[in-house]
Amino acid sequence: MPAPRTVLLTGAAGGLGTLMRGLLPAYGYDLRFFDVAPVEGEPDAVTADLGDRAALREAVRGVDAVIHLAGISLEASFDKILRSNIEGTYHLYEAVREEGVGRVVLASSNHAVGYTPRPLPGDPLIPVGTPHRPDTFYGLSKSFGEDLAQLYWDKHGVETVSVRIGSCFAEPTSVRMLSVWMSPADGARLFHAALTAEDVGHTVVYGSSDNTRLWWDLTTARALGYTPQDDSEPYAAALVAEHGELDPENPDHARLGGHFVTDPPIWPH
Ligand code: NAI
Ligand code: 15L
């Protein structure tokens, strides 16, 4: 597959979408945008719901690849998750198949495997092959997305890199995030690698920086050509002084998904 130049970014109005709108053009991409919310400063963005198949089909027409970020990014009722994340991702893949787009970079999440016990010092890192253990309906929708991506590769030859993103924000803001943080610059590096690596079929990777306190195995991400440059450790002293180290006896601290396991943040819309 030739390196993609024209890329549709769904979820472009959101937090990660906004970061990537700023960072990905430096890699030479011509970005197009899709979101149910208006995308600030982008009058040509398509403003539509993922349930609008005609709008989706038009948005993917002629692009080389899609970075699919749109959807509910926290916990919500099953009905809402079903519409936006499960059916919405299905509609996206159908549009991609119908328009012959070759590659999707799919925003999966650590919450697809959120019930997995987090490694303690000396334990092996969590591999991508660990079984799905969603911690919420939200995480369940990400497990579904990864399976959908596998189906569209096996059946229709649509390639996907499913990125189990940790926490992609400007800075880590909790002790857990010291392990799962992906700096925005590393996020752009990883998305670029996922767009340009050859013959990915369906590849699952974890999305994080090269954190000293990393919980999972970045081997499959590195195999795409991703070389993370950042590490959360410079933030550790202040965060640990404020909150203390993680306590393995605390259910909020014992699993990859953190407090999503016990008291997930709820999608406000
Ligand atoms: P966000 O909530 O800030 O942005 C999501 C965007 O999707 C919003 O602009 C929203 O309007 C749009 N959207 C929601 N439902 C839609 C629908 N039915 N049709 C069209 N657009 C819709 O979330 P954020 O943080 O930017 O995350 C982006 C993606 O990455 C999400 O899929 C999220 O699950 C995933 N992710 C993000 C992580 C992070 O650290 N930011 C961590 C793990 C996964
Ligand atoms: C996610 O999947 C969420 O979309 C994001 O808002 C963060 O909460 C992140 O996981 C996390 O685990 O920190």
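Counting starts at 1 for both ligands and their atoms, following the listed order.
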What is the closest protein heavy atom to [atom], and at what distance does it sit?
atom	value
atom 35 (C) of ligand 1	Ala107 CB, 3.8 Å
atom 4 (O) of ligand 1	Gly14 CA, 3.3 Å
atom 21 (N) of ligand 1	Val36 N, 3.3 Å
atom 26 (O) of ligand 1	Leu16 N, 2.7 Å
atom 34 (O) of ligand 1	Tyr138 OH, 2.5 Å
atom 18 (N) of ligand 1	Ser84 OG, 2.9 Å

Would you mind running through ligand 1 and noting each atom that sits below 4.0 Å from a heavy atom of [X]?
X	answer
Phe169	40 (O), 41 (N)
Leu50	17 (C), 18 (N), 19 (N), 20 (C)
Ser167	40 (O)
Asp49	17 (C), 18 (N), 19 (N)
Ser73	1 (P), 2 (O), 23 (O), 33 (C), 34 (O)
Ser108	43 (C), 44 (C)
Trp267	2 (O)
Leu69	28 (C), 29 (C), 31 (C), 32 (O)

Item to complete: Check whether any N or O atom of Ile165, backbone or side chain, sits under 3.5 Å from an N or O atom of ligand 1, and answer yes or no.
Response: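 No: no nitrogen or oxygen of Ile165 is under 3.5 Å from one in ligand 1.
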- Under 3.5 Å, N or O to N or O, is Cys168 touching ligand 1 that way?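 Min N/O separation from ligand 1 is below 3.5 Å for Cys168.
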Would you tell me whether [X] and [Y] have side-chain atoms, one donor and one acceptor, within less than 3.5 Å of each other?
X	Y	value
Arg21	Thr18	yes
Tyr93	Thr160	yes
Ser179	Asn211	no
Asp247	His253	no

Next on the checklist: Check whether Arg213 reaches the backbone of Val180 with its side chain - one donor and one acceptor, N or O, closer than 3.5 Å.
Outcome noted: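 It does not hold such a pair.
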Query raised in the report: Quick one: does Asp49's side chain have a donor or acceptor within less than 3.5 Å of a partner on Val36's backbone?
Result: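 Side chain of Asp49 to backbone of Val36: no pair is present.
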List the steps, then state whether side-chain contact (heavy atoms from CB on, under 4.5 Å) holds for Val113 with Ile126.
-> CA-CA 10 Å; Val113 293; Ile126 307 295; 5.7 Å; no
Using a threshold of 4.0 angstrom between heavy atoms of the protein and any atom of ligand 2, which residues qualify?
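Residues Ser73, Leu74, Ser109, Asn110, His111, Tyr138, Gly166, Ser167, Phe169, Arg176, Phe260 each place a heavy atom under 4.0 Å from ligand 2, listed by chain and number.
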Ala48: heavy atom below 4.0 Å from ligand 1, yes or no?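 Yes, that is the case, since the closest heavy atom of the residue is under 4.0 Å from the ligand.
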Problem - Over all atoms of both residues, closest heavy-atom pair of Ala48 and Phe34 - result: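 Looking at all heavy atoms of both residues, the closest pair is O-CE2, 3.3 Å.
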Shortest heavy-atom approach to [atom] - which of [options]:
atom	options	answer
atom 11 (O) of ligand 1	Asp35, Asn110, Leu56	Asp35
atom 42 (C) of ligand 1	Gly166, Ser208, Ser109	Gly166
atom 15 (N) of ligand 1	Gly71, Pro38, Pro268, Gly15	Gly71

- Query: Where's the contact between Lys142 and ligand 1, heavy-atom distance under 4.0 Å: side chain, backbone, both or neither?
  - Reply: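 Under 4.0 Å from ligand 1, Lys142 contributes side-chain atoms alone.
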- Determine, stepwise, if the pair Val158 / Val101 fulfils side-chain contact (heavy atoms from CB on, under 4.5 Å). CA-CA 7 Å; Val158 175; Val101 179; over 6 Å; no
| said: Measuring only between side-chain heavy atoms, which start at C-beta, is Ser208 closer than 4.5 Å to Leu218? | reply: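 A side-chain contact under 4.5 Å exists here.
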Q.
Any non-hydrogen side-chain atom of Thr227 less than 4.5 Å from a side-chain atom of Arg189?
A.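 When only atoms from C-beta onward are counted, Arg189 and Thr227 do not touch, as no gap falls below 4.5 Å.
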How are the rings of [X] and [Y] set relative to one another: parallel (under 30°), tilted (30 to 60°) or perpendicular (over 60°)?
X	Y	result
Tyr29	His192	perpendicular
Phe260	Tyr138	tilted
His156	Tyr152	tilted

Scan Gln150, Glu146, Lys142 and name whichever one has a side chain to side chain contact (heavy atoms under 4.5 Å, CB included) with Ser162.
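For Ser162, the side chain to side chain contact (heavy atoms under 4.5 Å, CB included) test succeeds with only one of Gln150, Glu146, Lys142, which is Glu146.
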| said: Among Asp217, Asp210, Asp186, which residue satisfies the salt bridge (charged side-chain N to carboxylate O under 4.0 Å, His left out) criterion with Arg222? | reply: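 Of Asp217, Asp210, Asp186, salt bridge (charged side-chain N to carboxylate O under 4.0 Å, His left out) with Arg222 is met by Asp210 alone.
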